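Predicted model only: the values in this text are computed from it and were never measured. Counting begins at 1 with the first residue of the sequence. For ligands, and for the atoms within them, numbers begin at 1 and follow the listed sequence.
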Amino acid sequence: MHIIPNFIVFEGGDGSGTTTQLALVRKRFASLPQPPLVYTTFEPTDGPVGQLIRSCLRGDLMVAPPTLALLFAADRNEHVHAPGGILERCTQGELVISDRYVLSSLVYQGIACGGDLPERLNAPFPAPEALFFFDIDPAIAGKRMETRPVKDIYEYLDFQIKVREAYHALLPRYADAGVQVERIDASMPPEAVAETVWRGLQKMPIIKSKERKHEK
Ligand code: TYD
């Protein structure tokens, strides 16, 4: 597995709080006296393919599950390889944190399409250096999402139970390949989750070296 240094991914089922936590991490980095260069991003992206995906997720546009898997991979290819994309930024020493990446496709499209298409489409993408998995009982996550006005096609309990199982089944693959995997108990209050995430981030070489420089 090829790993991109300085690249972190937040993953989890719907309603696990990845988006909230990413915003908190960003704020915390910004409050440091000498913050590292941090770029936060997300998938599906807000690029043209990402927008197409979002209409599929809302149910406004109907496509076959394998088509959606292809769209996610196309969106990701731009996200990683376009100028100003993940690879370029990480190579230049920026810390990039993405709300979702390859593992979301292996999990969600793995369930929705079956077969090996999601694996084949995503095999070329490099892995992150660290992966934070926000683990939560899908029933609790579902309660948190009750107030959301629009439901995505994947936001129902039976599907989310399979999503959690698939994450648990796939995570060891990353840990075995040398990716720093942090399982976060996402059922805790947001501030407690944020504290755990922050502790996990302190293990990253880019942050440790920054601290060492700061101490000198
Ligand atoms: P999410 O981050 O939950 O977006 P929102 O801000 O709308 O809550 O992601 C949208 C959905 O897309 C989520 O259900 C997971 C799904 N998804 C996939 O199915 N495959 C993928 O490759 C990615 C990146 C996301």
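Checking E78 against T45 by side-chain atom types alone, no donor-acceptor pair falls below 3.5 Å. A donor-acceptor pair shorter than 3.5 Å cannot be found between the side chains of E43 and Y101. Between the side chains of N122 and R76, at least one donor-acceptor pair of N or O atoms lies under 3.5 Å. In the model, Q160 has a side-chain atom that pairs as donor or acceptor with a side-chain atom of D14 under 3.5 Å.
For atom 20 (N) of ligand 1, the closest heavy atom belonging to the protein is Q109 OE1, 2.7 Å. For atom 14 (O) of ligand 1, the closest heavy atom belonging to the protein is D14 OD2, 2.8 Å. Remark: minimum distance from atom 5 (P) of ligand 1 to any protein heavy atom is reached at R54 NH1, 4.0 Å. When only non-hydrogen protein atoms are considered, atom 25 (C) of ligand 1 lies nearest to F72 CE2, 3.5 Å.
Of the polar atoms of Y101, none of the N or O atoms is found under 3.5 Å from an N or O of ligand 1, judged by distance alone. Residue S105 has at least one nitrogen or oxygen atom sitting less than 3.5 Å from a nitrogen or oxygen atom of ligand 1, judged on distance alone.
The part of L57 lying near ligand 1 is the side chain, judged by heavy-atom distances below 4.0 Å. Counting heavy atoms closer than 4.0 Å to ligand 1, residue R148 contributes side-chain atoms (C-beta onward) but none from N, CA, C or O. With a heavy-atom cut-off of 4.0 Å, E155 does not touch ligand 1 at all.
One finds a salt bridge joining K203 and E182 here, because a Lys/Arg side-chain nitrogen approaches an Asp/Glu carboxylate oxygen to under 4.0 Å. Using a 4.0 Å cut-off between a side-chain N of Lys or Arg and a carboxylate O of Asp or Glu, E165 and K162 do not qualify as a salt bridge.
Nearest to atom 1 (P) of ligand 1 by heavy atom, out of E11, E43, R100, R58, is R100.
For the pair R89 and Y39, the cation-pi criterion (under 6.0 Å, within 45° of the ring axis) is fulfilled.
Annotation for ligand 1: atoms under 4.0 Å from non-hydrogen atoms of R76 are 21 (C), 22 (O), 24 (C). Under a 4.0 Å criterion applied to the non-hydrogen atoms of S104, ligand 1 contributes the atoms 20 (N), 21 (C), 22 (O), 23 (C), 24 (C), 25 (C).
Interatomic distance, SG of C90 versus CD1 of I206, reported as 8.0 Å (0.5 Å rounding).
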